[in-house]
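Nothing fancy with the numbering, it's 1 onward along the sequence.
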Amino acid sequence: MSVFAAVPLAPRDPVLGVTEAFREDPRGIKVNLGVGVYQDERGDIPVLDCVRQVELAMGQDTRPHGYLPIDGFPLYLATVKALVFGTGSEILDRVATVQGLGGTGGLRIGAGVLAGLNPRPAVLVSDPSWENHEALFRRAGFRVGRYRYYDPERHDVDTGGMLADLAAAPKGSIVVLHACCHNPTGCDLTESDWEEVVKVCSERGLVPFLDMAYQGFGAGLAQDATAVAQFAAAGQTFLVASSFSKSLSLYGERVGAINFVTASADEAARVLSQAKVTARTLYSNPPSFGAKVAAQVLADPALKASWEQELAGMRRRITTMRQALKTGLEQAGVPGDLSYITTQRGMFSYSGLSPEQMRRLRQQYGVYGLGSGRLCVAALNPGNIDYVIEAIADVMSQPDAGPAD
């Protein structure tokens, strides 16, 4: 008998499985609004001009493909710190940074280091959250609970519920927070909300673990790091996972990082040593190409300025698609206040569609999204938005489609 005979078939990934089903759909007209990938007005993943310039220069400078240090490419680590915490930040000497395999890899390294704490704390994620958050921490050996976050009636953050749940959390609990462009809801905390979150985390001795996968897609690079700045100013120890998959359109290169903000330079050195052990046992050394591209863009003032302009262009296009979706649905006769579509930020909209309505979208129209109602607004474009509006309006008008929330 095979040693694998009793291995069960795992369900498809709730996010990437949508793309697998989309690819298997034989229909000529279909739209994938499931996966979190920014696409341009033609429906293509863009190659940013700043990235293209670096790649062309690197192609003319062939070098041996040696291993990077376990913690990553040194210039990349320095530029990530400056971007996340601000150039010249006074806390940089007590930040330990490790290059990760995308934002997910950064989260996993952070989870691995935290799993070594004794006693091992519990982890709290937002309700709802990115599906991989809970799975990742459970696989790392944590008990995972939830704190209230989204109010479906108001289509906004349940700030009171969130603060109450954090205030009731056991001391030392790890709290996974979305720094900006909350996935899946697109509903973000205000600056004053963050002040309250920072306060309750400090009072309860909670460990903030910020996931910042979309820096620059909300309001701007500095504005989207408001939560990071507030936790740093409060003198707290915390973690920040970051990624360039979206902001530099380097999805397949898996360019991310984990930053440990510690109490001292000595503590940072000890934490870094444990993070390197974790990385070594997971994948040994990180890949070099994407990190070198990102580092060159961030280190060169002209290229960085070009990147910020391109990033602003992506933000504006998403805003345009949000407005077009809202206006189109209103003109199609969809009832209710749809302003939440344009107040949400980032790549996603929590549409309010029920699982049954999402199933009908997929089966009847070939419009794919998550069962939770999450739609990737960044995948809308002038060529597909009218079709998507028609499909959503139709499934919402069907009498047996179920409630919108």
Within-4.5 Å side-chain heavy-atom neighbours: [X] and [Y]:
X: L101; Y: P287; result: yes
X: F137; Y: V176; result: yes
X: N259; Y: S242; result: yes
X: V198; Y: Q236; result: yes
X: P184; Y: F348; result: no
X: L325; Y: I389; result: yes
X: S284; Y: Y67; result: no
X: V261; Y: L239; result: no

Mind listing the closest non-hydrogen atom pair of [X] and [Y] along with its distance?
X: L329; Y: I392; result: CD2-CG2, 3.8 Å
X: L48; Y: S249; result: CG-CB, 4.3 Å
X: E267; Y: T237; result: OE2-CG2, 4.3 Å
X: A232; Y: I91; result: CB-CD1, 3.8 Å
X: G373; Y: S351; result: O-OG, 2.6 Å
X: V98; Y: I70; result: CG1-O, 4.5 Å

Within a 6.0 Å radius of atom [atom1] on [X], are there more than 12 heavy atoms belonging to other residues, nucleotides or ligands?
X: R23; atom1: CZ; result: no
X: L56; atom1: CG; result: yes
X: R280; atom1: CZ; result: no

Is the gap between the ring centers of Y251 and Y38 under 6.0 Å?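 When the ring centroids of Y251 and Y38 are compared, they turn out to be at least 6.0 Å apart.
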Fill in: Ring centers of H65, F289 separated by less than 6.0 Å
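Ring-ring flag for H65/F289: false, centres at least 6.0 Å apart.
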Measure up the [X] and [Y] rings against each other and bin them: parallel (under 30°), tilted (30 to 60°), perpendicular (over 60°).
X: H155; Y: Y340; result: parallel
X: Y365; Y: Y387; result: perpendicular
X: H133; Y: W130; result: perpendicular

Could you walk me through whether T342 and Q323 pass the side chain to side chain donor-acceptor pair (under 3.5 Å) check? CA-CA 6 Å; T342 53; Q323 185 60 57; 4.8 Å; no
>> Does the Lys NZ or Arg CZ of R374 fall within the cation-pi geometry relative to Y350 - under 6.0 Å from the ring centre and within 45° of the axis?
In response: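 Verdict for Y350: no cation-pi partner in R374.
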**Asked** Does F217 have K246 sitting over its ring (NZ/CZ under 6.0 Å from centre, angle to axis within 45°)?
**Response**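 Judged by the rule, K246 and F217 form no cation-pi pair.
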For [X] and [Y], does a side-chain donor sit closer than 3.5 Å to a side-chain acceptor?
X: R254; Y: S245; value: yes
X: E191; Y: T226; value: no
X: D49; Y: Q53; value: yes
X: Y214; Y: N183; value: yes
X: D266; Y: S264; value: no
X: Q331; Y: T327; value: no

Mind running salt bridge (Lys or Arg N to Asp or Glu O under 4.0 Å) on R359 and E356 for me, showing each step along the way?
CA-CA 5 Å; R359 184 188 66 81; E356 171 62 15; 2.6 Å; yes
Using a strict threshold of under 4.0 Å (side-chain N to carboxylate O), is an ion pair present between [Y] and [X]?
X: R52; Y: E55; result: no
X: E330; Y: K326; result: yes
X: R148; Y: D127; result: no

Has [X] got a side-chain atom pairing as donor or acceptor with [Y]'s backbone, closer than 3.5 angstrom?
X: R108; Y: A140; answer: no
X: R146; Y: V125; answer: no
X: Q357; Y: S354; answer: yes
X: S397; Y: D394; answer: yes
X: K30; Y: D25; answer: yes

Checklist entry - Step by step, would you call L83 with L221 a side chain to side chain contact (heavy atoms under 4.5 Å, CB included)? => result CA-CA 8 Å; L83 181 69; L221 291 169; 4.2 Å; yes
* To do: Report the residue from D188, T185, T319 that forms a side chain to side chain donor-acceptor pair (under 3.5 Å) with R345.
  =>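 Exactly one candidate clears the test, D188.
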Problem - Pairs satisfying ring pair (Phe, Tyr, Trp, His ring centres under 6.0 Å), at least one member in residues 96-122, at least two apart - result: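 Output for this query is empty, none listed.
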By the ring pair (Phe, Tyr, Trp, His ring centres under 6.0 Å) test, which pairs, at least two apart or in different chains, include something from residues 306-339?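 Qualifying pairs: none.
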Notebook entry, point to check: side chain to side chain contact (heavy atoms under 4.5 Å, CB included) between M58 and V293: does it pass, once the steps are laid out?
Noted result: CA-CA 9 Å; M58 290 174 67; V293 170; 3.7 Å; yes
Item to complete: Report the C-alpha distance between Y150 and V157 in whole Å, list the side-chain angles of each, state the deciding distance to 0.1 Å, and finish with yes or no for side chain to side chain contact (heavy atoms under 4.5 Å, CB included).
Response: CA-CA 5 Å; Y150 181 69; V157 181; over 6 Å; no
*Quickly, which of I109, V240, D71 forms a side-chain contact (heavy atoms from CB on, under 4.5 Å) with I258? Name it, please.*
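Of all the options given, the one that passes is I109.
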Between L177, V200, D193, which is the residue that forms a side-chain contact (heavy atoms from CB on, under 4.5 Å) with M162?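 Checked L177, V200, D193 against M162; only one passes side-chain contact (heavy atoms from CB on, under 4.5 Å): L177.
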task: Report the C-alpha separation of M358 and L361 in whole Å, then their side-chain angles, then the decisive distance to 0.1 Å, and conclude whether the side chain to side chain contact (heavy atoms under 4.5 Å, CB included) test is met.
output: CA-CA 5 Å; M358 295 302 297; L361 270 182; 4.0 Å; yes
